[in-house]
Amino acid sequence: MIAAGLRGIGLILLVAYCLAPLLWQAVTSIKPAAELVSLPPLLPTRLTAAHYAALFTGHPFLRIMLNSAIVAGVTTLLALALGALAAFALATLRVRGRALILAAVLSVSMFPPIAVVSPLFLVVSALGLHDTLTALIVTYTSFSLPLAVWLLTNFFRDLPRELYLAARVDGWSPLQALLRVIVPLAAPALVAAGLLIFIFAWNEFLLALTFTATEASRTVPVAIALFPGLHEIPYGEIAAASLVATLPLAVLAFAFQRRIVEGLTAGAVKG
Amino acid sequence: MARIRLQALEKRFDAQVVLSGVDLAIEEGEFFTFVGPSGCGKSTLLHLIAGIETPSAGAIWFDDARVDRLDPAQRDVAMVFQSYALYPHLSVRDNIAFPLRARRVPAARIRSEVERVAETLGLAALLERKPRQLSGGQRQRVALGRALVRRPKAFLMDEPLSNLDAGLRLEMREELKRLHEQFGVTTVYVTHDQEEAMALSDRIAVVNAGRIEQCGTPQALYEDPATLFVARFVGSPPMNLLDGAALAGAEIFGNVLATATSASAVLGVRPADVTVHSESVAGAVEAEVLVTEPAGSDLWAVGRWRDQKIKGRTASGARVRPHSTAWFSLPLERVYVFDRRSGARLRPGR
């Protein structure tokens, strides 16, 4: 009883600790502007939707959300498609030097983005991709590929190789065997990798700030950072935007929660 | 259907030689078995014929067409895997239809073919189930169905019965034989179980360490083993092997050993050929009985003679008891002599 009670209290503390910033943002987003920078009152005396309304009237926020959705969505699909092909070669087709390739892929992901952002900026500018969604999609995909390749390689390796061989003997080409047998069976891993990549792409700030100039390609994190004007910081609008931007991620994560756990722990225990 | 010919076939994985010098022909419609201990290369042989491995040297022919560089899809063989390798995300119907879909067979024909095969194998009621909802025996049948649905040039079977329990294995063994007689398709079978190989096959090749030791009918392998390995591997209970050196001077082997250097020879005699008597018999050797194993109609007795173990047969109910003395008569015409080092059969008097 006591142990259960302690665990309950522990859980409540943990959840409160994690969610407190979100709660603070939520409260801020519905406070009237006048009460934002004064204490008391701790809680708003009346509720207002003005900050939310301002997002979509004062800023092209819908356009920016759309930008983020396109960048994150296309990045996820590209990284999964390329990652699945690479993982298929590494895990199923017995490519020579597999360990070396995997180590190289991992080492690439260890560069801190700040170290590569200037050269990448030069490349992007030289290719005429400055202030385009393509610039973000291409760089995000390359940054997400190590994760996709590693997760999927490990998952594919745990699938019985005989399934692939059976599909080949049954008359399918290697690529068809991948699409008709391996990919359906690897759905949990694809969902897990896809969500992690989507979240990374949705939240990425540094490259997005560097490669974009206008609302044509600006994404949500950059837009929020650029809210503050010359004379005031619109805390209410920032809070409202943060919440709106978190919503799609929360929905996705809840929808696929079980699949993520399956994907991340696959092969840990013989099933 | 096709005649399959393997020509100087060799397979290496990096420096490791898995198969070498494999030369043989599997006749059209034959039930042919590769038998050998695990790791001897027999599964690799099957993979080479199926086209999921490429040989390092040599050639494979289906009738007059050379196929060793062809993709599995172009070879048109069907394979049953040890693990069955059923597609877990597909229903039984889709599993069986899978090879037909790859060949773009029209949907209506797929349907009728799948149902024909399901009927033959008693799967008709299970077509909409997923593999995980099936018992081991049913999964085995689905794997067979996936092979049968195609009328391929050859069936390849890699230890298809080894995951079944003993009773079911015997049942499926008969079923396989029946299906082979019904369809008459060339079948290449791989097993480590010599009894299974003997029961099923028209001909058997015994594989050891990547080489074919001997190839012949089950009866030929049993009665006329070419090497010590084959003698040891084929037959149950396994052949008695006696150390030539320990027997030097024993009168009864005088003639047999005369042509061989006794110290380097191994003598073999099948337990089924050795008769055990509870009383002294002319020409029999006297031995202390170590163990007896009743086997229903027969009684197997293991005796020690000159520090060598010999197993022999006696009628059940005979007065042969452990720790007593018995007389083992070894028919000299059924004694095989092998060279200890090379394992080759020595044929005295020829």
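Proteins get letters first, then strands, A, B, ... in listed order; numbering begins at 1 in each. Quick note: numbers below take in every heavy atom, side chains included, and nothing from hydrogens, waters or symmetry partners.
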For the residue pair [X] and [Y], what are the closest heavy atoms and their distance?
X	Y	value
B/A97	B/I110	CB-CG2, 3.5 Å
A/T219	A/S68	CB-OG, 3.3 Å
B/P55	B/L48	N-CD2, 3.4 Å
B/F155	B/A147	CE2-O, 3.4 Å

Query - B/L86, part contacting chain A, at a heavy-atom distance under 4.5 Å - result: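 For B/L86, the backbone is the part near chain A, not the side chain.
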Hey, are [X] and [Y] close enough for a salt bridge, meaning a charged N less than 4.0 Å from a carboxylate O?
X	Y	answer
B/E30	B/R203	yes
B/E175	B/R178	yes
B/R116	B/E113	yes
B/R101	B/D94	yes

Report task. Might you confirm whether atom CZ of B/R69 has over 12 heavy atoms from other residues, nucleotides or ligands at distances under 6.0 Å? Result ->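 Enclosed: over 12 neighbouring heavy atoms sit under 6.0 Å from CZ of B/R69.
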Query raised in the report: Counting heavy atoms not belonging to B/D165, are there more than 12 under 6.0 Å from its CG?
Result: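 Atom CG in B/D165 is packed in, count exceeds 12.
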**Report entry** Aromatic contact, A/F88 with A/Y164 (centres under 6.0 Å)
**Finding:**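 Here the rings of A/Y164 and A/F88 have centres that are less than 6.0 Å from each other.
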Query raised in the report: What residues of residues 166-180 of chain A sit under 4.5 Å from chain B when only non-hydrogen atoms are counted?
Result: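 So far as heavy atoms go, A/A166, A/A167, A/R168, A/V169, A/D170, A/G171, A/W172, A/Q176, A/R180 are the residues that approach chain B to under 4.5 Å.
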Query raised in the report: Can you name the residues of residues 89-99 of chain A that have some heavy atom under 4.5 Å away from a heavy atom in chain B?
Result: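 A/R94, A/R96 fall under the 4.5 Å cut-off.
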Distance from [X] atom [atom1] to [Y] atom [atom2], nearest 0.5 Å?
X	Y	atom1	atom2	result
A/S242	A/L247	OG	CG	12.5 Å
B/R169	B/L176	CZ	CG	12.5 Å
B/M157	B/T33	CE	OG1	10.0 Å

**Report entry** For A/F155, the option from A/D158, A/L159, A/L151 that meets side-chain contact (heavy atoms from CB on, under 4.5 Å)
**Finding:**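 Between A/F155 and the candidates, side-chain contact (heavy atoms from CB on, under 4.5 Å) is satisfied uniquely by A/L159.
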Query raised in the report: Quick one: are A/I197 and A/Y140 in side-chain contact, heavy atoms under 4.5 Å?
Result: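 A side-chain contact under 4.5 Å is absent here.
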Query raised in the report: Of the backbone (N, CA, C, O) and the side chain (C-beta and beyond), which part of A/L185 lies under 4.5 Å from a heavy atom of chain B, both, or neither?
Result: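 Side chain only.
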Query - residues 182-191 of chain B: residues contacting chain A (heavy atom under 4.5 Å, by number) - result: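 Within residues 182-191 of chain B, no residue comes under 4.5 Å of chain A, counting heavy atoms only.
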Query raised in the report: Who in residues 76-83 of chain B is close to chain A, using a strict under-4.5 Å heavy-atom cut-off?
Result: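 Listed by number, the contacting residues are B/V77, B/A78, B/M79, B/F81, B/Q82, B/S83.
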**Report entry** Donor-acceptor contact below 3.5 Å, side chain A/W202 vs main chain A/A245
**Finding:**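 Judged by distance alone, yes, a pair lies under 3.5 Å.
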